[in-house]
Amino acid sequence: MFENNIKGHISKQFDMELETVREHLFKMGGLVEKQVQDAFTALVDGNDKLAKKVIKRDSKVNALELKIDELCTQILAQRQPAASDLRLIITIIKIITDLERIGDEAEKLAVAAQNVKEKHISADREEYQYFSALGELILEMLKKTLDALARMDTDDALEIIKQENEVHERFDELLSYLIDCMKKKPKTIKSVLSITWSARALERMGDHIQNINEFIIYQAKGRDIRHLDLDKLIATLDEDF
Amino acid sequence: MNTVMTSENLTSGDIVINGSVGTPFCDDAKMSMRNVNVFYAENQAIHDVSLDLAKNQVTALIGPSGCGKSTFLRCINRMNDLIPQCKVTGSFVMDGAELYAKNMDPVLLRARVGMVFQKPNPFPKSIYENVAYGPKIHGLATSKSELDEIVETSLQKAGLFNEVKDRLDKPGTGLSGGQQQRLCIARTIAVSPEVILMDEPASALDPIATAVIEELISELKEKYTIAIVTHSMQQAARVSQKTAYFHLGKLVEMGDTKQIFTNPSHQLTENYISGRFG
Ligand SMILES: Nc1ncnc2c1ncn2[C@@H]1O[C@H](COP(=O)(O)OP(=O)(O)OP(=O)(O)O)[C@@H](O)[C@H]1O
Ligand SMILES: [Mg+2]
């Protein structure tokens, strides 16, 4: 779908411009995925060096966002895209904002990893399991989202959107566990709080991931499905699948 | 885009045009065309087209070169009557009256349904006479002062009066292209039409003159029903509320302009407005 969307213009130059945007978008997606993966690992393993790397690399994510913005602006001004081309450019402009924010959240995880002097979340501790469960879910969703984006696959996008509740469930589980911890062992409050903030960052990533999937559906179907609840959304899409 | 799209190179491939999709009809139609077929001798240029022109709205007719836009537009004020070998079938109803009925006078009809052409074509007469000609032959003015007033308001509505008020007696052909086109619009308006048909009215104009004409079209729709043929997608998107996409003499899709340009239903419409081969 994405491929089709780019090729076949009478103007080969236009095809090439869209291809360039696409390459940059995938590069940005790959980079953000790496940021999230590394930040998560840095936090769980207490890897200070890795955390530093993540923080440094965030500027690359920002630079890519600016570059893609510029490429899209140029296409809007010079090509005046219509129909699915127009939706594609709008989709990309919106999606890179969410990708950039996911990058910011990853940076927050990395900063938290640095602040954690001892290994707060070591493998033998219980909060590790809850935290990892949330982190791994987010990572998996992000990977699937980037795949769905590459193929502009609305079925996959919808599947990921349906996982939204899972994110909130895992977040709530983790949170009630952390609250318990704080009650029982007031000494751990400081470290538990930093896990809480990190969990919040992961949850926000989940929100941005959902935005991306909504735009994948908008691009492919021409339907704006933001702010619909899940049942309505599925009903709407069933109409034209 | 350097390649010119024509019906020949924009093949429809295996995409079948099977009736039109979208919403070609509306509740507040000024004109209703049904099952229109047009032939030039043996060649059929329009195949079973049905659509409405919504009252006080601008309808854009778009499509590749040779798809029959001008042919269809010319049927609406019976200009095709003037082309030998051209045969029109189907029904054209304006406010309940059939335009091709025996008792319909085509000359009077063309005053009610005016037309503006691609190339501005003022008469080789003064600016004043260009505008006054129609009202005179249709007896719309009973006195010289009444005629003066029709000329002035028409020029004003066409957004030209201030530029020409000091040289109304000078030849219309001495105006710039954009001014000439507005003069032709003033001439069309002077006979108080109900519908205005425009066939690529801005194709010979620079961007400023084009913007002036487009602004004018937006204002005119308050009083008139307008159909415009244009090759500029952006122009269609800017000035119209409804868009009809023609392909090989057939109406492929018609709907709200907003929808056609962001989310067309038919693949051929999508290909055309996004500049792709079919
Ligand atoms: N006077 C005529 N005599 C014979 N055939 C004609 C005449 N006018 C148009 N045609 C044919 O009818 C078909 C439709 O032509 P028409 O001019 O309506 O197309 P169009 O959509 O207005 O094209 P363009 O965008 O190039 O103006 C074409 O195949 C054309 O050759
Ligand atoms: Mg024409």
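Letters A, B, ... are given to chains in the order of the sequence lines, protein chains preceding strands, and every chain is numbered from 1.
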Got a sec: does the NZ of A/Lys94 have more than 12 other heavy atoms crowding it under 6.0 Å?
-> no
Is it true that atom NZ of B/Lys119 has more than 12 heavy atoms of other residues, nucleotides or ligands lying nearer than 6.0 Å?
-> no
Taking all heavy atoms of A/Ala83 and all of B/Ile273, pick out the closest pair and write down the distance.
-> CB-CD1, 3.7 Å
Evaluate whether atom NZ of B/Lys258 has more than 12 neighbouring non-hydrogen atoms of other residues, nucleotides or ligands under 6.0 angstrom away.
-> no
So with a 6.0 Å cut-off around CG of B/Asp28, is the heavy-atom count from everything else above 12?
-> yes
Heavy-atom nearest pair, A/Arg87 first then B/Thr262, reads NH1-O, 2.5 Å
Give the minimum heavy-atom separation between B/Ser274 and A/His9, together with the two atoms involved.
-> O-CD2, 3.0 Å
